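The analysis underlying the following values was restricted to heavy atoms, covering all of them including side chains, and did not include hydrogens, waters or symmetry mates. Note that this is a predicted model, so its numbers are computed, not measured.
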Amino acid sequence: QVQLVESGGGSVQAGGSLRLSCVASGYTVSTSPVTWFRQSPGKEREGVATIWPDVRRTYYADSVKGRFTISQDNAKSTVYLQMNILKPEDTAMYYCAATRQTLNIGTWYSPRAYNYWGQGTQVTVSS
């Protein structure tokens, strides 16, 4: 059974940083993709960043490029999202997601491509 547990959210001022963690059990982060999503009230869930360890690639939403970095620690079965230069528009619930189905890299940002989700961690950025 796959379980994803996020942590690390909190409240920060604009310009600050946070590091989110996603601990996976029943899922091999060293060989399988993990993606971070976020959702704020009234908005659709959007893909933020994904890591594909088997091909050693990472992809980011345009809105976070240059500010966020996704990485993994295989020994800890954990995927991180380092968020720097945070903006008020980054305020959202952040989720990590995974899937055992074949994932098309061209649609990594689509929530429908994933069937395992964590419970989320709240990030609030004040101006």
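Using the six-membered ring where Trp is involved, Tyr95 and Trp117 have ring planes that are perpendicular, over 60° apart on the 30 and 60° scheme.
The backbone N or O of Pro88 sits nowhere less than 3.5 Å from a side-chain atom of Ser127 that would complete a donor-acceptor pair. The backbone N or O of Ala92 sits nowhere less than 3.5 Å from a side-chain atom of Arg38 that would complete a donor-acceptor pair. A donor-acceptor pair is defined here as one N or O able to donate and one able to accept, closer than 3.5 Å; no such pair exists between the side chain of Ser63 and the backbone of Ala61. A donor-acceptor pair under 3.5 Å links the side-chain atoms of Thr99 to the main chain of Gln101, judged by distance alone. Between the side chain of Glu6 and the main chain of Gly120, a donor-acceptor pair closer than 3.5 Å is present. Within the 3.5 Å criterion, the main-chain N or O of Ser11 finds no donor-acceptor partner in the side chain of Thr124. For the pair Tyr114 (side chain) and Trp108 (backbone), a donor-acceptor distance under 3.5 Å is present. The main-chain N or O of Thr107 is never found under 3.5 Å from a side-chain atom of Ser110 such that the two would form a donor-acceptor pair. Between the side chain of Ser77 and the main chain of Ala24, a donor-acceptor pair closer than 3.5 Å is present.
Taking hydrophobic clusters as Ile, Leu, Val, Met, Phe, Trp and Tyr residues chained together by side-chain heavy-atom distances below 4.5 Å, Tyr27 shares a cluster with Val79.
The distance from the CE atom of Met83 to the CD1 atom of Ile70 is 12.0 Å, given to the nearest 0.5 Å. Atom CD1 of Ile105 and atom CH2 of Trp52 lie 4.0 Å apart (nearest 0.5 Å).
Aromatic ring centres of Tyr109 and Phe37 lie farther apart than the 6.0 Å criterion allows.
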Please test Ser17 against Gln82 for side chain to side chain contact (heavy atoms under 4.5 Å, CB included), starting from the C-alpha separation and ending with a verdict.
CA-CA 8 Å; Ser17 298; Gln82 177 67 45; 4.0 Å; yes
side-chain hydrogen bond (donor to acceptor under 3.5 Å, both in side chains) between Asp73 and Thr78, intermediate numbers included:
CA-CA 5 Å; Asp73 184 332; Thr78 299; over 6 Å; no
Determine, step by step, whether Thr50 and Arg57 satisfy the side chain to side chain contact (heavy atoms under 4.5 Å, CB included) criterion, reporting the C-alpha distance in whole Å, the side-chain angles of both residues, the deciding distance to 0.1 Å, and the verdict.
CA-CA 8 Å; Thr50 188; Arg57 298 292 298 271; over 6 Å; no
Step-by-step side chain to side chain contact (heavy atoms under 4.5 Å, CB included) determination, Val5 to Gln119:
CA-CA 7 Å; Val5 180; Gln119 82 289 349; 4.2 Å; yes
Using the rule given for side chain to side chain contact (heavy atoms under 4.5 Å, CB included), can you reason through Thr35 versus Tyr59, listing the C-alpha separation, both sets of side-chain angles and the distance that settles it, and then say yes or no?
CA-CA 9 Å; Thr35 300; Tyr59 298 91; over 6 Å; no
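The side-chain contact (heavy atoms from CB on, under 4.5 Å) with Leu81 is formed by just one residue from the set Val64, Leu18, Val48; it is Val48.
A salt bridge is defined here as a Lys NZ or Arg NE, NH1 or NH2 lying under 4.0 Å from an Asp or Glu carboxylate O, and Asp90 with Lys87 fails to meet this definition.
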